[in-house]
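Chain A is the first sequence line, chain B the second, and so forth, proteins listed ahead of strands; every chain is numbered from 1.
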Protein chains: 2
Amino acid sequence: MGRTRGATSEARQRILETADRLFYEHGVRAVGIDRVIAEAGIAKATLYVHFPSKDDLILAVLQYREKNVLEFFRAATGRHGRKTPLRAFFAALREWFDSPGFRGCAFQNAAIELADPKHPGTEFVRGHKQRFFELIRGIVEETAGRSATKVAPVIALLVEGAVVTAVLQGRPDAADVAREAALKLSGEGA
Amino acid sequence: MGRTRGATSEARQRILETADRLFYEHGVRAVGIDRVIAEAGIAKATLYVHFPSKDDLILAVLQYREKNVLEFFRAATGRHGRKTPLRAFFAALREWFDSPGFRGCAFQNAAIELADPKHPGTEFVRGHKQRFFELIRGIVEETAGRSATKVAPVIALLVEGAVVTAVLQGRPDAADVAREAALKLSGEGA
DNA sequence: CAATCAATACAGACAGGTCTGTCTGTTTCG
DNA sequence: CGAAACAGACAGACCTGTCTGTATTGATTG
């Protein structure tokens, strides 16, 4: 092995994917480095070559995940059939809630586990939530026009609330409650 | 020492208060038993007499905290001046967000950290959320009458969303966004 | 009143495990 | 040869939970 180098390494990618999966399933603190290297099938030294510390790995995983998350919602909102963008967004949200292994927002979860507002991971999560809000605001604007400035923050709260509620209840129903309220708020009616 | 016994022990109470504070500030996993006993000023054996394992302590702390939380909101909602119960509730929510050391919902945080839906702590949190919802529903009913059945779940989502948003942003603004939306939904107008 | 007993809490060593991060040496492949 | 990854031992810290032995205190009893 040992062909590519730096940010495009195969081993690096395998580490990211494995850590992402394990961190999401069990939490960033509950999963040790040893478990990541065992399941990724790589050597410990290799991991520490690519990520100087576990905190660096956590941050890299969050960045890696954000790409996928934003892509998922943009794609799902884009390929809406006859649905409006807002309806398509909530369909994607519901789809996410229904997906196997759903355990809420990985960013929120990580921020809570890190329990330190100055941790690089937490700061990244803060940025992510702003970017996610911008995504929502863009979608709301397409439907609600200039009243979006007022309703977008409310819809964002509904979405956040639905995520934490769904994961705790183990049921996706909260997505529908949030959708109905959001449609009404945005003037789409139920 | 050694005067009282069982559930009324002074040492037991000191353990609960200390663990509650530490668990809330740093998380249930980040805080070790050694730190609890050091800051509570009790012996390790004493802790294990009252709580057979750390998981038992976590559960006991959650139960202890629920008493205080429900009391806080019931009291705050009860002693509203000219405010309606719903307005008083959101005033209390805002007060909580502004309180020093605010770090979101301890139950939600614990459930995320435990990352196991079958853990006794997680199951208790699930029950707590139901009880908290009933509290909200009761308050909404006093204002919105029979439409409460429809709007109470939405308001609950707004509240949950506001909590996680406020703690991540480090700002209490989300409480006001949620309040305005909730008042409108409940027919109180802005 | 004085001696004793039971309950409670104390201090802290200890075992056995896990954690992160470092390091040595080997293998694979271009 | 040289770059990358391999395997895995190791250090040092921390974790939970157990255990031994001591001190304090209220109640009991002679």
Rounded to whole angstroms, how far apart are [atom1] on [X] and [atom2] on [N]?
X: A:I15; N: C:dG21; atom1: CD1; atom2: P; answer: 14 Å
X: B:D34; N: D:dT18; atom1: CG; atom2: C1'; answer: 13 Å
X: A:I33; N: C:dT22; atom1: CD1; atom2: C1'; answer: 13 Å
X: A:D56; N: C:dG21; atom1: CG; atom2: C1'; answer: 12 Å
X: A:Q13; N: D:dA4; atom1: CD; atom2: C1'; answer: 17 Å
X: B:I37; N: D:dT18; atom1: CD1; atom2: P; answer: 14 Å
X: B:R29; N: C:dC19; atom1: CZ; atom2: P; answer: 10 Å
X: A:F51; N: D:dA5; atom1: CZ; atom2: P; answer: 11 Å

Checklist entry - Is any side-chain nitrogen or oxygen of A:H50 closer than 4.0 Å to OP1 or OP2 of D:dA5? => result yes
Item to check | Phosphate contact (D:dC6 OP1 or OP2) by A:R14 side-chain N/O below 4.0 Å | outcome: yes
Checklist entry - Tell me, do B:F90 and B:L158 make a side-chain contact under 4.5 Å, heavy atoms counted? => result no
Next on the checklist: Counting C-beta onward and ignoring hydrogens, is there a side-chain heavy-atom pair between B:R14 and B:I42 closer than 4.5 Å?
Outcome noted: yes
Checklist entry - Out of C:dG21, D:dA5, C:dC10, which has the shortest distance to the side chain of A:T46? => result D:dA5
Checklist entry - Quick one: on DNA chain C, does A:G32 or A:A45 contact a more 5' nucleotide (nearest heavy atom)? => result A:G32
Item to check | 5'-most by nearest nucleotide on DNA chain C - B:A11 or A:K44 | outcome: B:A11
Checklist entry - With no hydrogens and no angle check, is any side-chain donor or acceptor of B:E113 less than 3.5 Å from a backbone partner on B:R29? => result yes
Item to check | Worked check of side-chain contact (heavy atoms from CB on, under 4.5 Å) between B:V69 and B:F107 | outcome: CA-CA 11 Å; B:V69 166; B:F107 305 95; 4.0 Å; yes
